[in-house]
Amino acid sequence: MQPENLTFIFLNAALMNNFVLALFLGLCPFMGVSGKLETAVPMGLATSFVMLISSLSAYAINAILVHYHIEFLRLIAYIAVIASAVQLVEMTLKKFTPGLFRALGIYLPLITTNCAILGLALFQTFKHYDFVQSIVYALGAGAGFTLAIALMAGLREKLDLSEVPGVVRGAALSMMLGGLLSLAFMGFAGLGGSH
Amino acid sequence: MSANPAKGPNAAQERTWDVFAEGLWRDNPVLVMMLGLCPTLAVSNSAINALAMGLATSFVLVASGAIVSLLRSLIPKQVRIATYIVIIATFVTLVDYAIQAISLDLYNALGAFIQLIVVNCIILGRAEAYASRNPVGRAVVNALGMGTGFTLALLLLGSIREILGSGSLFGFNLFGPNFEPWVVMILPPGGFIVLSLMLVVFNLVNKRLGAAVKQGGGHGHAA
């Protein structure tokens, strides 16, 4: 067994089991918003923020659900809370940074259906993390997501300037980049084994 | 796609087929719209997982499509997304418990990804873009088409990855003991790489089809 200390949880969520590149969570924004670095980073940060909020809420909700033995409502309760959290972030961004709000466009409300967020809430429940561990797990996952999407955006900005055959252009190329990044991230597995 | 669409009795049938075929190829959820990628890549490391995931998603897609379509005049516009999500979550919970009852092995293999069907963008996308605007029959047919397209794409991806990565298909050994499996194919990078190559092939085929249609006089395809 791995010692579930906080550093390990953070590194595990951010690098070894990176949400995007190893667990395939949150691919839609990863592919959709990673065109430019200046939108990719805020998207990563917004997602991290929602992750943190929903992780906290999921922890509280789960405690209540377990207390009343109604765990079958978990999925519905989680998704409702996440939707509200996203709404909150959306309103905040719209008020304070309208430019960024427009740049993120449809992908902002779509954070609700970002599997990374729900996945995070579910995983922390399955792993029986306590309160502090949950927060660290959420921070790690957010950091990992931001790192992945920023790396991807940097690569794609460079690729825009290079000559690529027509059939490969677009999604196929991004996907291949994702594969290479994922391959690179597998190198981190040596840090402490898989989950 | 064949025959002429103007003919009277044939027209309705043809349109039903069109509604179905839309999800199968032209608007294939995975290969064209790039939706639902997370489960696509995550559980496609073997053909059987891919098939199970495809069927589970299709079921949720069809069931929630039908309910959303039935309730479309009752749901207030402002809270529609939340309503859709609750409907979808209900069916996903159903599927989750059903799979757990039918096969525990499968349940463990798919893990959290069964519950994550909730956030599969294909389902919410269909509810919002199609089921909420069309009668039940059409909504179900469209959902079936999308589900089939999703399942087929997933199955193809899963089969390729399993054949290359473990030298077997649906658990049957294909190449005998001397085959050295390409382990990377069943690991995460393999998913990205195989899907990327599938997209290239898909684009090539579509380009050829487009060229062929143009040569044949430019009729038929567009619709």
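The sequence lines fix the lettering, A, B, ..., with proteins before strands; numbering per chain opens at 1. These numbers come from a predicted model, not from an experiment.
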With a 4.5 angstrom heavy-atom cut-off, is it the side chain or the backbone of [X] that approaches chain B, or both, or neither?
X	answer
A:F126	side chain
A:L122	side chain
A:Y78	neither

From [X] atom [atom1] to [Y] atom [atom2], the distance as rounded to the nearest 0.5 Å:
X	Y	atom1	atom2	result
A:M186	B:L187	CE	CG	4.5 Å
A:M175	B:L197	CE	CG	11.0 Å
A:L73	B:T93	CG	OG1	8.0 Å

query = Using non-hydrogen atoms only, which part of B:F113 is less than 4.5 Å away from chain A: side chain, backbone, both, or neither?
reply =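 Interface part for B:F113: side chain.
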B:I88 versus chain A, the contacting section by heavy-atom distance below 4.5 Å =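 For B:I88, neither part sits under 4.5 Å from chain A.
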note = If you tally heavy-atom pairs under 4.5 Å between each of A:L177, A:L118, A:L180, A:L181 and chain B, the highest tally belongs to A:L118
Minimum heavy-atom separation for [X] and [Y], please, with both atom names.
X	Y	value
B:P188	A:A22	CG-O, 3.5 Å
A:A172	B:V200	CB-CG2, 3.7 Å
B:A89	A:I76	CB-CG1, 3.6 Å

query = Side-chain contact, heavy-atom cut-off 4.5 Å: A:L25 with B:L116?
reply = yes
message = Using a 6.0 Å cut-off, check whether atom OH of B:Y107 has over 12 heavy atoms from anything other than its own residue.
response =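 Yes, OH of B:Y107 has more than 12 neighbouring heavy atoms, counting only those of other groups under 6.0 Å.
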